[in-house]
Amino acid sequence: MKTNKQNADFLHIGKKLIKWYQTNARQLPWRENQHPYNIWISEIVLQQTQVKQGLGHYLRFIERFPTAKELHKASEDDVLLYWKGLGYYSRAINLHKAAHQIIEEFDGKFPTHYQDILKLKGVGKYTAAAVASICFDEKIPAIDGNFYRVLSRIFADDFDMSSSKAFQYFTDLALLIMPEDKPGDFNQAIMDIGSEICKPKNPLCGECPVNDDCIAYQTGRISEFPMKTKKAKVTDLSLKYYFIKFQNQFLIKQRGNDFIWKKLYEFPTSVPAEWEELIMNSKIINHKLTHKNMTIEINTIELESKKALEKFASDNEYLIVDEKLADEKSFPKPLETFYKKRNVGEIGRLPF
DNA sequence: AATGCGGGGCG
DNA sequence: CGCCCAGCATT
C-alpha cells in the first residue's frame, strides 16, 4: 500500500456510495429479501454473466429449487437442465454439491460466516464476501473485476490488475473507502456502479455519485484505468513441410503477408495427389523438430531427375534454388536450422 | 503461475 | 467475425 494513502480519510467515498445505493439500487429479484440461499444462487449465476442474461435463468432456477433442501434432493441432470444455455456448467455441478454440503455438513442451515461460506464448492473469495456482507453484515469487500476498475479509477492507480498481487492490493485499497456499517450495500453499490456507470468502455461519469472524488475523472484520464498487461496468447502450432530436392537443388516459395513469417521463404507445404506415384518410389527422410510452441515435421524427398524437379516446380509455382543461393533468402528460424543440418533424420514412408 | 470452462458483447 | 472477459477449480 502506498504510504501517501494511509493517513488520508477516504471513508466519505464509501458513505456516498451507500447513500447512493439506498435510492438508486437496481430492483432485482434476489434483492427482495436477504436469504443467503437466494443471494448465493444469484452470485453464482452472475459470475462471468450479465444480469440481462442471467435474470431469466435465476428466476427459473429458484422456482424449481426454492431452497437448499430442494436442490439437495434433485438429480445432477435436473440441475444441469436448469443451467442449460448459461455456460460454465461446472457452476451448476458445484451448486449441487454445495447443497449437499449445506444439508450434511452444516445441518441444513446456510453457513453464516465468510470462512464457512468459502468452504462451499464453487464459492471463492468474491462470492463468499458478497454473501457474507449482504446477508450477515460482515465487513469484507467483494473484490471482482468491477471493483478493480472502480478503485483504479477513483485513485488513478495503475497497479497491474493482471498481477498475482492485485487481489491483496485492491483489497487494501477497498478497505480504505469501506465504512464499518452497511457492508452489503457498499459492495452492491460497487456492483451496480461497475456494471451500469463505471463501465469498461464509455463510462457514464456524469451520473457517478463519486465523480468528484475520482482522480481519473477529475484529471481526464479515465481511459488509462484499469491498467492491465495482456499476456501473449500461446497456441500450439503444428506444421508439415516437404523438402523436395534433386542433388543440390530444392524448392521454396515465398510466404504471403498474413499469419506468421510474413514474406519469408519456406519449403512446399503439401504434395498434390498426382505426384503421389512418383514420390512413392523416392527415398523419404522424416525429420521432426520443435521450436517454441511449434512442432514441425519435414519430409525430405529425393527425386529421380532434374526434370522431375522442374516439372514439380512449374506445376506448383515453386522456385528452384541452389543450396548456396538459398543462403541468400530469409527463412524462418526453424527452417533455417533444418536447412543447415538436414542430414538428421530417419528413413520412413510418406505420410499422405 | 497457467489453464479450462462458455456464452454474449464489442470493435 | 475474431477477440475479449478476475471467478473458480485444477494442475
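Note that this is a predicted model, so its numbers are computed, not measured. The sequence lines fix the lettering, A, B, ..., with proteins before strands; numbering per chain opens at 1.
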Roughly how many Å is it from [atom1] in [X] to [atom2] in [N], rounded to a whole number?
{"X": "A:Asp160", "N": "C:dA6", "atom1": "CG", "atom2": "P", "answer": "12 Å"}
{"X": "A:Tyr126", "N": "C:dC5", "atom1": "OH", "atom2": "P", "answer": "18 Å"}
{"X": "A:Met191", "N": "C:dA6", "atom1": "CE", "atom2": "P", "answer": "15 Å"}
{"X": "A:Lys97", "N": "C:dA9", "atom1": "NZ", "atom2": "P", "answer": "10 Å"}
{"X": "A:Lys84", "N": "B:dG6", "atom1": "NZ", "atom2": "P", "answer": "15 Å"}
{"X": "A:Lys121", "N": "B:dC5", "atom1": "NZ", "atom2": "P", "answer": "19 Å"}
{"X": "A:Leu46", "N": "C:dA6", "atom1": "CG", "atom2": "P", "answer": "15 Å"}
{"X": "A:Asn146", "N": "C:dA6", "atom1": "CG", "atom2": "P", "answer": "9 Å"}

List the atom pairs, donor and acceptor, that lie under 3.5 Å between side-chain atoms in residues 53-61 of chain A and the rest of the protein, sequence neighbours left out.
unit_1, atom_1, unit_2, atom_2, d
A:His57, NE2, A:Lys84, O, 2.9
A:Tyr58, OH, A:Asn38, ND2, 3.3

Separation between the [atom1] atoms of [N] and [M], rounded to whole Å:
{"N": "C:dC1", "M": "B:dG6", "atom1": "P", "value": "24 Å"}
{"N": "C:dA9", "M": "B:dG8", "atom1": "C1'", "value": "23 Å"}
{"N": "B:dG11", "M": "C:dA6", "atom1": "P", "value": "15 Å"}

Should A:Thr49 be listed as having a side-chain N or O under 4.0 Å from OP1 or OP2 of B:dG6? no
Is any side-chain nitrogen or oxygen of A:Ser90 closer than 4.0 Å to OP1 or OP2 of C:dA9?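 Checking C:dA9 against A:Ser90, no side-chain N or O comes under 4.0 Å of OP1 or OP2.
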Only counting residues at least two apart or in another chain, list the ones meeting side-chain hydrogen bond (donor to acceptor under 3.5 Å, both in side chains) with A:Ser42. none
Short N-O contact, A:Glu266 and A:Lys253, less than 4.0 angstrom: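 So A:Glu266 does not pair with A:Lys253 through a salt bridge.
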Below 3.5 Å between N/O atoms, which protein atoms pair up with nucleotides 7-11 of chain B? Just atom names and distances, please.
unit_1, atom_1, unit_2, atom_2, d
B:dG7, OP1, A:Tyr89, OH, 2.9
B:dG9, OP1, A:Lys52, NZ, 3.1

Using a 3.5 Å distance criterion without hydrogens, assess whether the side chain of A:Arg153 forms a donor-acceptor pair with backbone atoms of A:Cys214. no
Taking the six-membered ring for Trp, are A:Phe250 and A:Phe243 closer than 6.0 Å centroid to centroid? yes
For the residue pair A:Phe267 and A:Phe331, is the inter-centroid distance of their aromatic rings smaller than 6.0 Å? yes
Separation between CD (A:Gln168) and CG (A:Asp172), nearest 0.5 Å, reads 4.5 Å
Would you mind telling me which residue lines up with the more 5' stretch of DNA chain B, A:Arg91 or A:Ser164, judged by nearest nucleotide? A:Ser164
